[in-house]
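For reference, positions follow the sequence shown, starting with 1.
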Amino acid sequence: MTSLLPFVLPPLIGAVIGGVTNDVAIRMLFRPYAPIYIGKWRLPLTPGLIPRERNKIAESIADTFVAHVFGDNDVAELFLTDDVKTQLKERVDDLIGKLGGMLDISEAMLGMARSMAGNYLLAEIAKVAENAGGGSEAVKVRIQAKIDDLDVATLEELVLGFSRKQFRHITWFGVLLGGMIGMVQVVLFQFFLR
């Protein structure tokens, strides 16, 4: 057994070191949540990277979300669903029908007025919805504010929630890499440096 120890121990120690250091590095993205002071001196690497850069991260997430997920047109479409559009057109049709009856307008003219008025109304409502909400800029500001308002523990759980599997892969990659480095050490010391 002692004759195998020089061959087994370096890869095993390397694997443990690789896994532990990658796991610690992932945890240090979030922790500690606040700076740690010794007297007036702030301990380096505190707070963790994400708590320290949360405003920039929130802004970047908001920019990305607005650019690729929820832009200007989406704000208007959020309020103007097909059901809402149908109901608005029906109400415009009713209103035009009542006005047409009072003004004694022909059915052909009435149909054209209904169509034009309905389309015009929907276009104007879309513009109002876009401008009233501030469009994508308002969405960006709200997303950024929501992320900034999260406490760091909740932000950590949010990020880890959708990337836990990827972080686990990073930890296992550290185990693999550390083990391989240990094997290289065995080869170098047992076969070449004797």
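- With values rounded to the nearest 0.5 angstrom, Thr171 atom OG1 is found 10.5 Å from His169 atom NE2.
- Shown here for Pro6 and Pro10, the closest heavy-atom pair between the two residues is O-CD, 3.2 Å.
- With rounding to the nearest 0.5 Å, the separation of CD in Glu59 from NZ in Lys140 is 5.0 Å.
- Partners of Glu157 by side-chain hydrogen bond (donor to acceptor under 3.5 Å, both in side chains), not counting sequence neighbours, listed by chain and number: Arg164.
- Shortest non-hydrogen contact noted between Pro47 and Tyr33 is CB-O, 3.5 Å.
- The CG atom of Leu49 sits 5.5 Å away from atom CD1 of Ile57, with the distance rounded to the nearest 0.5 Å.
- The hydrophobic cluster containing Phe173, built from Ile/Leu/Val/Met/Phe/Trp/Tyr side-chain heavy atoms closer than 4.5 Å, also comprises Leu177, Ile181.
- Two different hydrophobic clusters hold Val16 and Phe167 under the rule that ILVMFWY side chains link at heavy-atom gaps under 4.5 Å.
- Counting only heavy atoms from C-beta outward, the side chains of Glu156 and Ile50 never approach each other to under 4.5 Å.
- Of all non-hydrogen atoms in Ala62 and Gln144, the two that sit nearest each other are CB-N, 3.9 Å.
- From Arg52, atom CZ reaches atom CG of Leu29 across 10.0 Å, with rounding to the nearest 0.5 Å.
- If you chain together hydrophobic residues whose side chains sit under 4.5 Å apart, Leu158 and Leu160 fall into the same group.
- Shown here is Leu43, whose CG atom has more than 12 heavy atoms of other residues, nucleotides or ligands within 6.0 Å.
- Following chains of ILVMFWY side-chain contacts shorter than 4.5 Å, one cannot reach Phe191 starting from Met183, and the two form parts of different hydrophobic clusters.
- By the 4.5 Å heavy-atom criterion applied to side chains, Phe65 and Ile147 are not counted as neighbours.
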Indicate every side-chain donor-acceptor pair of residues 21-28 with a distance under 3.5 Å to a residue at least two apart or in another chain.
unit_1: Thr21; atom_1: OG1; unit_2: Ile17; atom_2: O; d: 2.8
unit_1: Thr21; atom_1: OG1; unit_2: Gly18; atom_2: O; d: 3.2
unit_1: Asn22; atom_1: ND2; unit_2: Ile170; atom_2: O; d: 2.8
unit_1: Asp23; atom_1: OD2; unit_2: Arg27; atom_2: NE; d: 3.0
unit_1: Asp23; atom_1: OD2; unit_2: Arg27; atom_2: NH2; d: 3.3

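- Atoms CG and CZ, on Leu45 and Arg31 in that order, are 16.0 Å from each other to the nearest 0.5 Å.
- Across every non-hydrogen atom of Trp41 and Pro44, the tightest pair is CH2-CD, 3.5 Å.
- Among all heavy-atom pairs drawn from Val152 and Arg54, the shortest one is CG2-NH1, 3.2 Å.
- Between the side chain of Ser60 and the main chain of Lys56, no donor-acceptor pair closer than 3.5 Å is present.
- Tracing side-chain contacts under 4.5 Å through hydrophobic residues (I, L, V, M, F, W, Y), one never reaches Phe30 starting from Ile36; they form parts of separate clusters.
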